[in-house]
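Each remark here refers to the structure printed beneath this line.
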Amino acid sequence: MSTFLGLPTAPRGVGHLRGSEPFPAAARKALADSQLRRNLGQATSTIRAKRAAVVAELPDWEELRNAGQAIKADTMRHLDRYLEQLEAQVSARGGTVHWARDATEANQIVADLILAAGSKEAVKVKSLATDEIGLNDALAAAGITAHETDLAELIIQLGHDRPSHILVPAIHRNRAEIREIFLREMGDADPALTDEPAALAEAARLHLRRKFLSARVGISGANFAVAETGTLCVLESEGNGRMCLTLPQTLITVMGIEKVIPSWADLEVFLQLLPRSSTGERMNPYTTMWTGVTPGDGPQRFHLVLLDNGRTATLASPEGRSALHCIRCSACMNVCPVYERTGGHAYGSVYPGPIGAVLSPQLTGVEDNASLPYASSLCGACYDACPVKIDIPSLLVDLRARHVEESRAARGVLRVPGVPSPEAVTMAAASWVMADPRRFAAAQRAGRAGRALGRGGRIRSLPPPLSAWTRARDLPVPPARTFRQWWRDSGRDPA
Ligand code: SF4
């Protein structure tokens, strides 16, 4: 532990965050899927409305957000101290703490622990940290089967699919699709299964019950870890988490190091912020907390794997470190106009949406997710919704600047000295035009020639080099009169 957080940077993961294709290409495919857009639109608008209603009930919502932000900032400033305190408390209560610098180390630790428990399978609570490190695949390579028990994660696992939302991983699936997956993959599903939600939930319940009762090992993530007592906390809605956390004899929790909080008083703040922001509930149905091992009650062996995987490197960035404040509520996704239209798969990252666009490039390096900081209209809705007030738009702008600098540095090796880049030429030309009213007016007149390219009020394709702009978006047709002409014609111009 002594050198763990002393590292100036941390070894990166094994690439599970990296998308298979850049966001613009993946988004274009997603936008062409009308069923996906319908599913996403319905799900996000429902969650948005629920969240807005329960948030409006609290007169001190803004004070709670401020408190959440302040607690997280303090925790990040003293992260080494709180983690050592957490380790000491968990150890004193009979648990064992392991430190993993990256995905490979974390996966190895978990596989070894499962095999040491004499098992070849484990039941799992939904956990983004284990998705981030690709735990299920790593366990499969070691001959161990991990059974997802969260209903949505079960749908993803049976459908050989990828999660598309951090809270509702199967948000892109409708109930007819889920019925078809269950009938095809479950093995023990009733052939007369309907697509009624209650029938689908019952099929999953029956399928999972045997696994819960026979599992010797449970695997979880953690929403919070209280440093002062060594208490871990998992919030969930279905009760599957409670089963995983209490029935097996061995419990392994994989937790990102940023999830620690100093005290129980701090937990009170987050237990108000998180359910309202995520599922739009005053309180989530199941909140399970445990501290070490209690003889004769619950798991008799508890292992806590503390995962770095790029977090200390992110912490070292004064601008970017606030992304580590995230409590994974998903509110920013549900309000994001880009996410609502493309869904999570287009981001090619375990963490999609606005938070994914700032977290993934930092965890894996900007170049690995270079297109993500541009996957935003910078409208600011994510900042307004975030319960811990992460200024995502500013982080996105900062990451864009870093990407431009890194690209410039890389290109500098190949560029002819003294020859400016195309962006530099474009910006210099725009600056020259805008610096003089007559030049600007002339440019507006020239722009009106673009009206000939429009159809139905939109320009869908511009000639090169401007075609790069219209490849991913269209433009409104320039108005017949400029603002200046309209102003003059209206008689308001004293000149
Ligand atoms: S960035 Fe904020 S709104 Fe988005 S998931 Fe994290 S805590 Fe929630």
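Counting starts at 1 for both ligands and their atoms, in listed order. Atoms considered below: every heavy atom in the structure, side chains included; atoms not considered: hydrogens, waters and symmetry mates.
For atom 7 (S) of ligand 1, the nearest protein heavy atom (residue, atom name, distance) is Ile327 N, 3.4 Å. Looking at atom 8 (Fe) of ligand 1, its nearest protein heavy atom turns out to be Cys329 SG, 2.3 Å. The shortest contact between atom 6 (Fe) of ligand 1 and any protein heavy atom is with Cys326 SG, 2.3 Å.
Atom 4 (Fe) of ligand 1 has an N, O or S atom of Cys332 inside 2.8 Å of it. Taking backbone and side chain together, Cys386 holds no N, O or S atom under 2.8 Å from atom 8 (Fe) of ligand 1.
At a threshold of 4.0 Å, the pair Asp33-Lys29 does not count as salt-bridged, since none of the basic side-chain nitrogens sits closer than that to a carboxylate oxygen. Using a cut-off of 4.0 Å between Lys/Arg side-chain N and Asp/Glu carboxylate O, Arg205 and Glu202 are scored as salt-bridged. Using a 4.0 Å cut-off between charged nitrogen and carboxylate oxygen, Arg328 and Glu258 count as a salt-bridge pair. A salt bridge is defined here as a Lys NZ or Arg NE, NH1 or NH2 lying under 4.0 Å from an Asp or Glu carboxylate O, and Glu57 with Arg276 meets this definition. A salt bridge links Arg311 with Glu132: at least one charged nitrogen is closer than 4.0 Å to a carboxylate oxygen.
Ser330 counts as a contact of ligand 1, since one of its heavy atoms falls under 4.0 Å from the ligand.
No side-chain N or O of Gln85 forms a donor-acceptor pair with one of Gln89 less than 3.5 Å apart.
Between Phe182 and His207, the distance separating the two ring centers is not shorter than 6.0 angstrom.
Annotation for ligand 1: atoms under 4.0 Å from non-hydrogen atoms of Ile390 are 1 (S). Those atoms of ligand 1 with a heavy atom of Ile392 less than 4.0 angstrom away are 1 (S). Interface of Pro387 with ligand 1, defined as ligand atoms under 4.0 Å from a residue heavy atom, comprises 2 (Fe), 3 (S), 7 (S), 8 (Fe).
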